[in-house]
Asks: 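Just dropping this structure here.
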Number of protein chains: 2
Amino acid sequence: MNIVFLLFMVYFVFFIYYLFRQIREMDEKEMEMERPTCPKWRPTEDQIRIMTNIYNYGVTHPSRAQIFEITTRIRAFGEAGEYNVQCWFSNHGNRVRRWQAELDPTGTLFSLLPLYMYGKTLTSSLSF
Amino acid sequence: MNIVFLLFMVYFVFFIYYLFRQIREMDEKEMEMERPTCPKWRPTEDQIRIMTNIYNYGVTHPSRAQIFEITTRIRAFGEAGEYNVQCWFSNHGNRVRRWQAELDPTGTLFSLLPLYMYGKTLTSSLSF
DNA sequence: TATCTATGAATGAACG
DNA sequence: CGTTCATTCATAGATA
């Protein structure tokens, strides 16, 4: 009886050890996914989705107060600064406009939606 | 009875361990599953030669019209988009600047030609 | 086959 | 606002 119990305890200990090890490895991997040293702001997918929605609803140049509100709201999904949001809208607007210009240099194509919504790859979109 | 229990525990432990491992492997596979593969532009040697020549002649930041012209010209050697050319010049400029900074961190060395032209390996070029 | 490297592409940030 | 710089991501080809 004692021997059996002892062996059981030994196996139990190894089992716990293995569980511990597996969990630690998983945690380490997740930690690496979070970009330990990140000099630049890296918006999460949720944050990008929210800001893109706002942009597509027509708010392409949010005011200072709007930027403040957006920033506080997307803080629910991760760190964010007002300057970051301002930069994002600036860049997004810039690049959306550029894509538009590249897709439709003459401005003669008619579309109910901005052309970039059909895809922003140049070569594949030139067949419009 | 005890022996039976012990063996059961042993198998149980291995069973749990394998379950754990399988779950981890599945997670890793899902992580790898990302995009439906988007082919990158691969400039030919002739295209690279032309663009490098243009860059070395001083046109490090071609304008939009220049990019358009370059693109149409190098299309003689293969497919190319304007955005591809812009990316190439951006990347090339970036990397040339980085080479220069690595070769001459203080910016005090004098040379009629960019130092990286003598070779971009650090050790072999520091013997000036 | 698995890791490394080169490089096309993307994008946050800053400048004028 | 458009342009430019810097860093980072992702992947094809090289290499062991």
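The chains referred to below are lettered A, B, ... by the order of the sequence lines, with proteins before strands, and numbering in each begins at 1.
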Asks: Could one point to a donor on the side chain of B:R42 or the base of D:dG13 with an acceptor on the other under 3.5 Å away?
Replies: no
Asks: Rounded off to whole Å, could you give me the CD-to-P distance for the B:Q66 and D:dT3 pair?
Replies: 12 Å
Asks: Let me know the distance between NE2 of A:H92 and C1' of C:dT11, rounded to the nearest Å.
Replies: 12 Å
Asks: Any base atoms under 4.0 Å from A:H61, or only sugar-phosphate, or nothing? Heavy atoms, all strands.
Replies: sugar-phosphate
Asks: Between D:dT7 atom P and B:E102 atom CD, what is the distance in whole Å?
Replies: 11 Å
Asks: Would you mind reading off the distance between B:Q86 atom CD and D:dC5 atom P, rounded to a whole angstrom?
Replies: 12 Å
Asks: Consider only side-chain heavy atoms of I, L, V, M, F, W and Y, link residues closer than 4.5 Å, and tell whether B:V96 and B:L109 are in one cluster.
Replies: yes
Asks: What is the distance from CH2 of B:W88 to P of C:dA6, rounded to the nearest Å?
Replies: 16 Å
Asks: Hey, any chance B:L115 and B:W99 share a hydrophobic cluster, counting ILVMFWY side chains that come within less than 4.5 Å of each other, even indirectly?
Replies: yes
Asks: In whole Å, what is the span from the CD1 atom of B:I48 to the C1' atom of C:dT7?
Replies: 9 Å
Asks: Answer yes if B:F77 and B:I70 sit in the same cluster of Ile, Leu, Val, Met, Phe, Trp and Tyr residues linked by side chain heavy atoms under 4.5 Å apart, and no otherwise.
Replies: yes
Asks: Below 3.5 Å between N/O atoms, which protein atoms pair up with nucleotides 14-16 of chain C? Just atom names and distances, please.
Replies:
| from | atom 1 | to | atom 2 | distance (Å) |
| --- | --- | --- | --- | --- |
| C:dA14 | OP2 | A:Y83 | OH | 3.0 |

Asks: For DNA chain D, whose closest nucleotide is more 5', that of A:G93 or that of A:K40?
Replies: A:G93
Asks: Are B:L113 and B:F110 joined in one hydrophobic group, where the rule is that I, L, V, M, F, W and Y side chains link up if heavy atoms are under 4.5 Å apart?
Replies: no
Asks: Show me the side-chain donor-acceptor pairs of residues 50-62 of chain B shorter than 3.5 Å, one per line, residues at least two apart or across chains.
Replies:
| from | atom 1 | to | atom 2 | distance (Å) |
| --- | --- | --- | --- | --- |
| B:T52 | OG1 | B:I48 | O | 2.6 |
| B:N56 | OD1 | B:Y116 | OH | 3.4 |
| B:N56 | ND2 | B:T52 | O | 3.4 |

Asks: Please report the distance, rounded to the nearest Å, between CZ in B:F89 and P in D:dT3.
Replies: 16 Å
Asks: Is it true that B:E102 and B:R98 have a side-chain N and a carboxylate O under 4.0 angstrom from each other?
Replies: no
Asks: Counting only side-chain heavy atoms from C-beta out, which of C:dG8, D:dC1, D:dT7 sits nearest to B:R98?
Replies: D:dT7
Asks: Expressed in angstrom and rounded to an integer, what is the separation of B:Q100 atom CD from D:dC5 atom P?
Replies: 14 Å
Asks: Taking OP1 and OP2 of C:dT7, is either one under 4.0 Å from a side-chain nitrogen or oxygen of B:R95?
Replies: no
Asks: Measure from the side chain of A:W41, starting at C-beta and using heavy atoms only, and say which of D:dA6, C:dG8, C:dA13 lies closest.
Replies: C:dA13
Asks: Could you tell me which residues satisfy side chain to side chain donor-acceptor pair (under 3.5 Å) with A:R49, sequence neighbours excluded, listed by chain and number?
Replies: A:D46
Asks: Rounding to 10 degrees, work out the angle separating the end axes of the helix from C:dT1-D:dA16 to C:dG16-D:dC1 (five pairs an end).
Replies: 10°
Asks: Which residues satisfy the salt bridge (charged side-chain N to carboxylate O under 4.0 Å, His left out) test with A:E82, sequence neighbours excluded?
Replies: none
Asks: Under the side-chain contact (heavy atoms from CB on, under 4.5 Å) rule, collect the residues that match up with A:N84, sequence neighbours excluded.
Replies: A:W41
